J.: 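Structure incoming, see below.
Model, not experiment: these values are computed from the prediction. Letters A, B, ... mirror the listed sequences (proteins, then strands); counts begin at 1.
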Amino acid sequence: MSKELTSRKEDYSKWYNELVIKAGLAEHSAVRGCMVIKPYGFAIWEKMKAVLDARFKATGHVNAAFPLFIPKSFLSKEADHVEGFAKECAVVTHYRLKNAEDGSGVVVDPEARLEEELIVRPTSETIIWNTYKNWIQSYRDLPILINQWANVVRWEMRTRLFLRTAEFFWQEGHTAHATSEEANDEALLMLNEYANFMEQYMAVPVIKGRKTENERFAGAVETYTTESLMQDGKALQMGTSHFLGQNFAKAFDVQFQKKDGGLDYVWATSWGVSTRLMGALIMAHSDDDGLILPPKLAPIQVGIVPIYKTDEQAAAINEKVDEITKALAAEGITTKYDDDDSKRPGFKFAQFEMQGVPVRLGLGPRDLQNGTIEVARRDTKEKSSQSLDGIVDYVKNLLDEIQENIYNRAFEHRAAHTSTVDNYEDFKSVIKDKGGFVKVKWCGSNELEDKIKDETKATIRCILMDDESEGKCFYSGEAATQTVLFAKAY
RNA sequence: CGGGGUGUAGCGCAGUCCGGUUAGCGCAUCUGCUUUGGGAGCAGAGGGCCGCAGGUUCGAAUCCUGCCACCCCGACCA
């Protein structure tokens with residue numbers, strides 16, 4: 001395996017694939033389209049999970065677990081929903097294997113066919129609403145605010161590590177409410193929680209908006225989304241939050257007794273983010289030397305490399321590093337001391353860089369003599385010599401600075417790659433040559449959206465929340481009803 | 001599902017056209033010595049159902065037939 005990555009300029013897609021492998025985040029498994037998330041990659045996901053889970057709980061939600069399998073008939077109860085997912089479902093048809101008669105191994109036992117086939121959940125609305133039906137009789141049972149952390153399966157044609165895999169991990173929130181307004185507020189609340197997490201922890205700026213009918217979740221009345229822009233100018237949908245109206249309540253006949261008497265169907269939301277966030281995190285910040293992680297999500301915040309010739313020097317360095325590590329740990333900063341004697345310092349520097357460790361410390365005999373330590377920051381690759389006294393405060397501040405810097409960098413990149421146009425010629429040339437988001441006035445026609453997609457590959461990523469609907473549609477010249485962002489997307 | 005490509009050591013590949021010693025190279029691994037402030041050097045060692053199953057042949061990684069898997073490009077998607 002070569003030590004270098006393909007550069008982003010040369011082949012962005014290849015760069016991404018190699019980076020995921022070489023940074024030790026994930027790899028392809030024996031099962032087509034399914035990945036193995038390796039310990040280092042999973043450590044990042046766990047940090048994301050911990051922050052999100054705490055936010056869900058702080059906003060009143062609780063966790064629960066629903067089955068992996070869903071009776072096939074459930075899926076078809078909501079018409080749009082089945083249409084959206086039917087084409088990518090894994091189906092369980094049998095429950096037993098037996099030894100092949102010719103001794104060639106095991107075969108499916110044809111006697112063991114399931115009465116009703118089960119599908120592996122592509123999402124859990126149906127099984128959950130079938131359950132909620134039993135839990136809800138009165139307005140006193142509402143709201144229900146439940147989240148589950150789970151894996152789901154969507155049989156994708158073409159997959160890419162983290163960005164699109166046949167099996168992926170996510171969380172799905174499913175809430176039930178007495179009023180339309182309350183449910184819609186919930187969907188917006190979670191959209192904001194997502195956006196805050198993405199910006200404050202992942203250091204990825206996002207645009208909040210609504211999906212067009214074409215792009216909406218199958219079964220939703222309204223889909224809210226957080227959209228980000230990657231370094232290659234393509235957009236990535238990071239998380240979605242859906243106002244489901246009464247669609248699932250009606251499909252599963254979930255009614256409740258209102259306070260003032262009378263029955264009504266329950267109002268619903270669902271919202272989710274997946275391991276796709278890993279893909280966004282990787283693509284948003286990293287460079288040709290490897291991963292760049294935001295300090296708040298980096299499993300290792302500070303990597304430490306000893307430089308020595310003699311055993312005496314090594315012993316003295318070990319002692320000093322031990323001191324520093326403990327002082328950093330006391331401030332809640334995670335470190336990794338790479339004292340592997342079989343590797344040379346240069347190799348370790350490159351390794352920490354590939355893994356995106358935000359800050360690297362180098363300590364050698366010269367430093368011990370001068371009371372200094374070498375500090376290298378991953379985001380800018382700047383190196384400096386700092387006094388050993390006060391190194392903890394220095395590192396602490398530096399981590400904050402890196403977190404801020406990579407956010408600002410991503411923000412500026414997005415600003416530089418967001419164009420506003422008012423005619424189709426300009427639109428086509430921007431999409432083709434520059435990429436990024438293209439902001440336009442829009443008349444709201446589904447057919448036009450499809451046509452533009454066919455011609456340019458660009459789709460409407462979102463309808464801006466605070467849209468001023470003045471002016472004319474950039475394509476049809478009709479009165480514009482909204483402002484939208486187009487982009488080529490992942 | 002259509003079109004193209006690839007299966008040879010843990011990884012990346014050569015060899016296949018035109019059959020013929022013991023199947024080779026780089027990286028990685030192991031042992032030893034020298035090294036260590038930006039991906040170390042030398043010496044030695046281990047590691048192969050040549051994707052699978054048939055066939056042709058004195059002889060098959062190489063030729064023929066069938067199958068399987070994976071990758072890329074399209075249609076579909078968080």
J.: Applying a 4.0 Å non-hydrogen cut-off, can you work out what A:Gln237 is touching in the nucleic acid: base, sugar-phosphate, or nothing?
T.: sugar-phosphate
J.: How are the rings of A:Phe427 and A:Phe486 set to each other: parallel, tilted or perpendicular (split at 30° and 60°)?
T.: perpendicular
J.: Please determine which of A:Asp80, A:Thr225, A:Thr223 meets the side chain to side chain contact (heavy atoms under 4.5 Å, CB included) test together with A:Phe217.
T.: A:Thr223
J.: Can you tell me if the side-chain N/O atoms of A:Arg344 get under 4.0 Å from OP1 or OP2 in B:rA40?
T.: yes
J.: I'd like to know if the side chain of A:Thr334 and the backbone of A:Pro299 have a donor-acceptor N/O pair within less than 3.5 Å.
T.: yes
J.: Within the modelled atom types, does a donor on one side and an acceptor on the other bring the side chain of A:Arg360 and the base of B:rG38 under 3.5 Å apart?
T.: yes
J.: Under 4.0 Å, heavy atoms only, any strand: does A:Leu163 hit a base, just the sugar-phosphate, or nothing?
T.: base
J.: Tell me what A:Lys383 touches on the nucleic acid: a base, only sugar-phosphate, or nothing, going by heavy atoms under 4.0 Å.
T.: base
J.: On RNA chain B, nearest-nucleotide positions of A:Glu215 versus A:Gly364: which is more 5'?
T.: A:Gly364
J.: Classify the side chain of A:Lys348 versus the base of B:rG37 as yes if they form a donor-acceptor pair under 3.5 Å and no if they do not.
T.: no
J.: Can you work out whether A:Phe168 or A:Asn17 has the more 5'-proximal nearest nucleotide on RNA chain B?
T.: A:Asn17
J.: Between P on B:rC76 and CH2 on A:Trp155, what's the gap in Å once rounded to a whole number?
T.: 21 Å
J.: Please state the C1' separation for the pair B:rU29 and B:rC11 - nearest whole angstrom.
T.: 12 Å
J.: With heavy atoms under 4.0 Å as the rule, sort A:Pro365 into base, sugar-phosphate or nothing.
T.: base
J.: Inspect the contact between A:Lys49 and A:Glu46 and indicate whether a charged nitrogen and a carboxylate oxygen are less than 4.0 angstrom apart.
T.: no
J.: Which whole number of Å gives the distance between the P atom of B:rC71 and that of B:rC13?
T.: 14 Å
J.: Tell me what A:Glu353 touches on the nucleic acid: a base, only sugar-phosphate, or nothing, going by heavy atoms under 4.0 Å.
T.: base
J.: Is the number of heavy atoms from other residues, nucleotides or ligands under 6.0 Å of A:Tyr201 OH greater than 12?
T.: no
J.: Within the 4.0 Å heavy-atom criterion, would you say A:Ser342 contacts the bases, only the backbone, or no part of the nucleic acid?
T.: nothing
J.: As a test of reading the structure: which of B:rC76, B:rC71, B:rU36 is closest to the side chain of A:His28, going by heavy atoms?
T.: B:rC71
J.: The side chain of A:Lys343 is closest to which nucleotide in this list: B:rU29, B:rG37, B:rG39?
T.: B:rU29
J.: Please give, in whole Å, the distance from B:rA78 C1' to A:Arg276 CZ?
T.: 5 Å
